[in-house]
Amino acid sequence: MRHDHVLTAKQFSRGDIEAVLDRAADFDGPTGDTRHTDSVLGLLFFEPSTRTKMSFETAIKRLGGDTIDMGSVDSSSVTKGESLADTVRVIEGYADALVLRHPKQGAAKMASEFVDVPVINAGDGAGHHPTQTLLDLYTIRENAALDDLTIGIMGDLKYGRTVHSLAQALTNFETTQHFVSPESLALPPEVRYDLDEAGASVEEHTDLEPVLPDLDVLYVTRIQRERFPDENEYRAVASEYGIDRAMLDEAKADLSIMHPLPRVDEIDPAIDDTPHAAYFEQAHNGVPVRMALLDSLL
Amino acid sequence: MTDTNSAADHQLRVGKIRNGTVIDHVTGGQALTVLAILGIDGSSGEEISVGMNVPSDRIGRKDIVKVEGRELSQEEVDVLSLIAPDATINIVREYDVAEKHRVERPSAVVGVLSCPNANCITTENEPVDSRFAVLGDGVRCTYCGTLIREEFADHIEVE
Ligand SMILES: [Zn+2]
């Protein structure tokens with residue numbers, strides 16, 4: 001893949017995805033590579049995300065490169081009111097590529113208009129998280145396949161940026177997507193619009209039970225407390241959109257369960273030791289996949 | 001002002017202009033929105049005449065806007081298509097219609113509409129204009145993807 005910026009999963013073609021996943025497979029092992037010893041990656045995390053940040057750090061270091069970051073958001077110039085446009089123009093002078101996590105939708109897109117180095121969107125509000133999608137796809141390909149796939153995507157589909165990116169990327173493959181959520185957290189209209197435009201096979205549900213037996217992959221996301229004004233309402237909804245070991249009796253023997261992590265109560269820990277659990281493997285895949293992506297950009 | 005009811009005279013209600021632009025066949029009731037989209041509020045001294053809900057053979061009731069001393073650019077005219085798809089634009093020079101245009105849907109509108117998504121980066125204090133791609137049935141924020149399919153007037157950026 002040769003894109004200057006990685007902003008949304010919508011920009012990925014099937015060929016782009018396959019190229020990154022194939023290359024990731026080469027990096028998926030103990031042997032590192034030091035082909036990018038002169039590369040410096042700028043980590044701009046305006047919102048805390050230890051895991052994504054550490055995953056990028058590990059990836060660039062295993063390629064022989066290094067990172068710079070802005071420290072905690074509290075101590076940075078953000079709190080002094082500097083615009084994002086100014087920040088990225090300054091850091092561009094220090095780094096060969098920028099990884100941006102920002103609470104506002106469209107932040108990475110805007111940042112990309114102000115700099116000449118590649119901008120990698122590592123999450124923009126409720127918008128997109130395309131590098132998570134690449135590691136999700138890598139994990140799906142390892143456990144199931146990307147074509148002739150029936151996937152259930154459950155939880156917070158409205159604010160879940162990982163869901164938005166994954167759903168868009170899956171339109172490149174022969175896949176049926178079943179979306180399961182409370183009505184108040186259903187897919188936003190713009191994501192549904194893209195899926196319809198792409199001619200994707202999509203069904204929306206409020207209940208997992210009827211679709212569970214058909215699924216090859218169940219992708220679970222966390223429902224956040226702050227989406228509900230009332231604690232009881234949150235508890236009622238959260239407990240309904242999880243999966244436990246007993247429910248797996250209804251599932252295919254080779255169902256893979258995924259989750260972008262961290263989880264709270266959505267996945268019964270009793271599932272961890274079963275062959276269904278793919279979420280820790282999924283998290284580990286972040287490094288080789290990001291190595292592959294960085295290798296293609298730097 | 002004339003007090004005749006004959007349709008032919010409705011054009012005259014708002015008077016002829018010498019040099020400028022006549023925007024005709026605006027959807028009834030949308031004239032003020034048209035002016036807002038064009039950023040015309042009379043504060044720079046333009047002479048503006050507005051007729052609202054006048055009878056029209058073509059579209060039932062229509063609005064008509066005349067702006068003396070200003071020729072609209074094609075870009076400005078194109079943005080009108082969002083709310084006044086039937087509008088015709090007459091550029092007037094020395095009392096004669098020198099050019100006649102229909103509005104056409106542009107591929108994007110920049111700096112005209114503000115994004116209704118409060119979490120969109122364009123609503124922050126950043127040095128970017130709002131930008132919407134024009135779709136078949138609405139517009140879409142280039143930054144956050146939010147769709148606007150109706151009530152465009154509610155999202156016009158007020159300077
Ligand atoms: Zn927006």
Side-chain angles (χ1 to χ4, degrees), chain A residues 5 7-11 44 46-47 77-89 100-115 119 121 123-130 158-159 161 163-165 167-168 187-198 226-227, chain B residues 33 36-37 39 73 75-76 78-83 85 104-159:
Chain A
H5 305 291
L7 305 177
T8 74
K10 210 171 140 183
Q11 77 186 66
L44 283 72
F46 290 85
E47 199 179 64
S77 51
V78 182
T79 45
K80 298 181 196 118
E82 184 183 59
S83 70
L84 174 62
D86 280 3
T87 304
V88 295
R89 279 182 285 190
L100 178 67
R101 162 70 63 96
H102 197 278
K104 295 285 172 178
Q105 275 173 265
K109 161 77 178 150
M110 188 204 77
S112 74
E113 293 171 359
F114 286 91
V115 298
V119 172
N121 184 3
D124 61 336
H128 304 275
H129 195 356
K158 183 173 183 183
Y159 300 100
R161 55 191 166 210
V163 169
H164 304 161
S165 291
Q168 286 181 339
L187 283 179
E190 61 270 18
V191 175
R192 186 64 210 248
Y193 181 91
D194 282 330
L195 297 181
D196 292 343
E197 283 276 288
E226 55 265 35
R227 304 297 175 212
Chain B
T33 305
I37 285 183
S73 68
E75 281 105 6
E76 288 177 305
D78 287 346
V79 170
L80 297 180
S81 70
L82 298 177
I83 56 150
E104 276 176 46
R105 294 178 80 74
S107 59
V109 289
V110 178
V112 175
L113 302 169
S114 63
C115 186
N117 175 6
N119 209 38
C120 177
I121 193 74
T122 62
T123 67
E124 289 296 290
N125 193 20
E126 295 288 344
V128 280
D129 285 327
S130 71
R131 174 183 290 270
F132 287 81
V134 177
L135 313 172
D137 61 345
V139 299
R140 184 172 202 187
C141 177
T142 307
Y143 293 92
C144 74
T146 294
L147 294 161
I148 308 178
R149 288 185 152 130
E150 51 198 12
E151 310 289 340
F152 295 103
D154 294 349
H155 304 293
I156 291 166
E157 278 188 354
V158 182
E159 291 296 306

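Every chain is numbered from 1 and lettered A, B, ... according to where its sequence line falls, protein lines coming before strand lines.
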Novice: Is it the case that atom CD in A:Glu113 sees more than 12 heavy atoms from other parts of the structure closer than 6.0 Å?
Specialist: yes
Novice: When rounded to the nearest 0.5 angstrom, what is the spacing between SG in B:Cys144 and NZ in A:Lys109?
Specialist: 12.0 Å
Novice: Which residues from residues 113-121 of chain B are near chain A, with near meaning under 4.5 Å between non-hydrogen atoms?
Specialist: B:Asn117, B:Ala118, B:Asn119, B:Cys120, B:Ile121
Novice: List in chain and number order the residues that pass side-chain hydrogen bond (donor to acceptor under 3.5 Å, both in side chains) with B:Arg105, two or more places apart in sequence or in another chain; answer none if no residue qualifies.
Specialist: none
Novice: Could you walk me through whether B:Glu126 and A:Phe114 pass the side-chain contact (heavy atoms from CB on, under 4.5 Å) test, one step at a time?
Specialist: CA-CA 11 Å; B:Glu126 295 288 344; A:Phe114 286 91; over 6 Å; no
Novice: Sort by residue number and list every residue of residues 129-140 of chain B having at least one heavy atom under 4.5 Å from chain A.
Specialist: B:Leu135, B:Asp137, B:Arg140
Novice: Which residues satisfy the side-chain contact (heavy atoms from CB on, under 4.5 Å) test with A:Ala126, sequence neighbours excluded?
Specialist: A:Gln105, A:Tyr159
Novice: For the residue pair B:Arg149 and A:Tyr193, what are the closest heavy atoms and their distance?
Specialist: NH2-CD1, 3.0 Å
Novice: Is chain A contacted by the side chain of B:Thr122, its backbone, both, or neither, given a heavy-atom distance below 4.5 Å?
Specialist: neither
Novice: Could you tell me which portion of A:His128 (side chain, backbone, both or neither) has an atom closer than 4.5 angstrom to a non-hydrogen atom of chain B?
Specialist: neither
Novice: Please flag which part of A:Pro103 lies under 4.5 Å from any non-hydrogen atom of chain B: side chain, backbone, both or neither.
Specialist: backbone
